[in-house]
Number of protein chains: 2
Amino acid sequence: MPSLAESISLISGDRPDHLTLQEQVYQRIRLDIMTGKFIPGKSVTIRGLAETLGTSPMPVREALRRLVAERALQLLPNRRVSVPAMTIEKYSELTAARVALEPLAAERALPHMDDAMVAKLTRLDAEVDEGIRLGDVELYLSKNLEFHFTMYRCGESQVIMPMIESLWLQMVPFLYLAMKRKGLGAIVDQHQEALSAIRNRDAAALAQSIRLDILDGVNRMPESEFVEES
Amino acid sequence: MPSLAESISLISGDRPDHLTLQEQVYQRIRLDIMTGKFIPGKSVTIRGLAETLGTSPMPVREALRRLVAERALQLLPNRRVSVPAMTIEKYSELTAARVALEPLAAERALPHMDDAMVAKLTRLDAEVDEGIRLGDVELYLSKNLEFHFTMYRCGESQVIMPMIESLWLQMVPFLYLAMKRKGLGAIVDQHQEALSAIRNRDAAALAQSIRLDILDGVNRMPESEFVEES
DNA sequence: CGCACCCCTTTGTGATCACATAATATAAAG
DNA sequence: CTTTATATTATGTGATCACAAAGGGGTGCG
């Protein structure tokens, strides 16, 4: 199991006891989506996936429907599903929504973060840097995801977290493919600033560092990566 | 078909051509949820709903799963689904998320609103006031929903709108029951302020009026309406 | 009177089948 | 060779069945 799979499993309810088949299928398909295994626009079929995964069409059906509801997949007018293509408009919307919600999640998490959590986040940030240094897209994306979600989860937000998860579910597949094609480049983040804001118990500074972290990473996306229309 | 039904159908894709059975079942169950037809915490069964709606369990199954993904229903550890009870923490989170997203949606919609839209919103606001004056919960909730969603939809936001829809889906059932029990009272809103901000093309003023509109309505909720824990 | 055990029912999950529709390949006509 | 018409296949949707697990109820024992 690749490293990205473990990190992605941080998203949304990982209840090991609750291992219904459709849940496993859901996790697997979601991982495949986030690591660019499906070509955007090309429709995925229930029976095809069922045969690949060695199950009946039933669990696949429910997993696909759930992923459509979470906006990781789109329902075409033909009733078929596919990975949606990324447009500039959608990307800017995703960014705007992230800027609106993630600083909020970080602020709500701050009171619940102790020294051990700061240490854990510091370690994760080091691994993010390692990924950047090596140009390892999987490592970078997985550890960056872990950094953000580990932080936000401290807030125990039952409403805001699922929304952030949905946003990443829509954003990551595109980032994965774009970075795989263009390389990581000289990515900068605001993790250090966020960490020192946490240590100082400075909610405003933390929120601001998260805002900048999102916008920093985003503005480096060349236009050539997007498709034309919705 | 009651008035609330038509307004609620403003939420999420209403494609009349696309009338698969599970879609109709979904719309119907969603309406029942928002009008308090299910007791929070009491589990709803697939077969029970199927019998009530006169279909096989299949479409109900998919509709329920979709509503769970949209957070209108919750999945209990027993694999059963129920309308989640409202807690103070959840309500404050819903409010925070609304304050974060809805002003954003309004700002994005502003450039696309013409005089006809202002006239339509003015008419809807009058109907909202009528609902308040009559103490008609259904009328108030449906027209208030229409007012907000008609405005936000002008922005053609494909990412932010579904998130706002999910928030209302979680909020409205609770409001419905609380207002039915306690009455509308002297509800105040910021619709007039929003309308004049639109006429002046003042994005900041519009965003602020939406913020206040959300917080105004929210702070009037007595604590006695909530349940104890999550 | 309270509590544990057992039986019957209900329920969610997964598999299989049937059908209508959309997609694709094939063939015929220009 | 292109294009249109046709036939064949593939696909989503809905229904039904099988099964294991959870719920509920009643009885017997402590």
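A note on names: the letters A, B, ... follow the listed sequences, proteins ahead of strands, and every chain is numbered from 1.
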* Write down the distance between CZ (B:Arg79) and C1' (C:dT13), rounded to a whole number of angstrom. => 8 Å

* Closest to side chain of B:Arg65, choosing from C:dA15, D:dG14, C:dT13 -> C:dT13

* To do: Could you check how far CD of A:Glu23 sits from C1' of C:dG14, rounded to whole Å?
  => 15 Å

* Asked: More than 12 foreign heavy atoms under 6.0 Å from CZ of A:Arg211: is that the case here?
  -> yes

* Would you indicate what B:Glu62 reaches in the nucleic acid, counting non-hydrogen atoms under 4.0 angstrom: base, sugar-phosphate, or nothing? => nothing

* **Where B:Val159 and B:Pro162 come nearest, the two heavy atoms and their spacing** => O-CD, 3.2 Å

* Give the rounded distance in Å between these two atoms: CG of A:Leu76 and C1' of D:dA10. => 16 Å

* Within the structure, does a side-chain N or O atom of A:Thr55 lie under 4.0 Å from either OP1 or OP2 of C:dG14? -> no

* **Donor-acceptor pair present, A:Arg61 side chain and D:dG14 base, under 3.5 Å** => yes

* Answer yes or no: are there more than 12 heavy-atom neighbours, outside A:Leu215 itself, under 6.0 Å from its atom CG? => yes

* Structure fact -> Side-chain contact check for A:Ser56: nearest option of D:dT16, C:dG12, C:dG14 is C:dG14

* Find the distance B:Glu51:CD to C:dG12:P and express it as a whole number of Å. => 13 Å

Protein N or O to nucleotides 18-22 of chain D N or O, pairs below 3.5 Å:
none

* Just checking B:Val44: base, sugar-phosphate only, or nothing, at a heavy-atom cut-off of under 4.0 Å? -> sugar-phosphate

* **Spacing between B:Leu21 atom CG and D:dT16 atom P, to the nearest angstrom** => 12 Å

* To do: Round to a whole Å and report the spacing from CG of B:Leu73 to C1' of C:dG12.
  => 15 Å

* A:Gln24 atom CD: more than 12 heavy-atom contacts under 6.0 Å -> yes

* Spacing of B:Leu75 atom CG relative to C:dT13 atom C1', expressed in whole Å -> 12 Å

* Could you work out which one of D:dT16, C:dT16, D:dT13 sits closest to the side chain of A:Met58? => C:dT16

* Are B:Glu62 and B:Arg66 ion-paired here, with the side-chain N under 4.0 Å from a carboxylate O? -> no

* Asked: Is there a donor in the side chain of B:Gln158 and an acceptor in the side chain of A:Arg71, or the other way round, less than 3.5 Å apart?
  -> no

* With heavy atoms under 4.0 Å as the rule, sort A:Val81 into base, sugar-phosphate or nothing. => nothing

* Asked: Which pairs with one or both residues in residues 99-113 of chain A pass side chain to side chain donor-acceptor pair (under 3.5 Å), sequence neighbours excluded?
  -> A:Arg98-A:Glu102, A:Glu102-A:Tyr152, A:Glu102-A:Trp168, A:Arg108-A:Ser157

* To do: Select one nucleotide: of C:dA15, D:dT13, C:dT11, the one nearest the side-chain heavy atoms of B:Thr45.
  => C:dT11

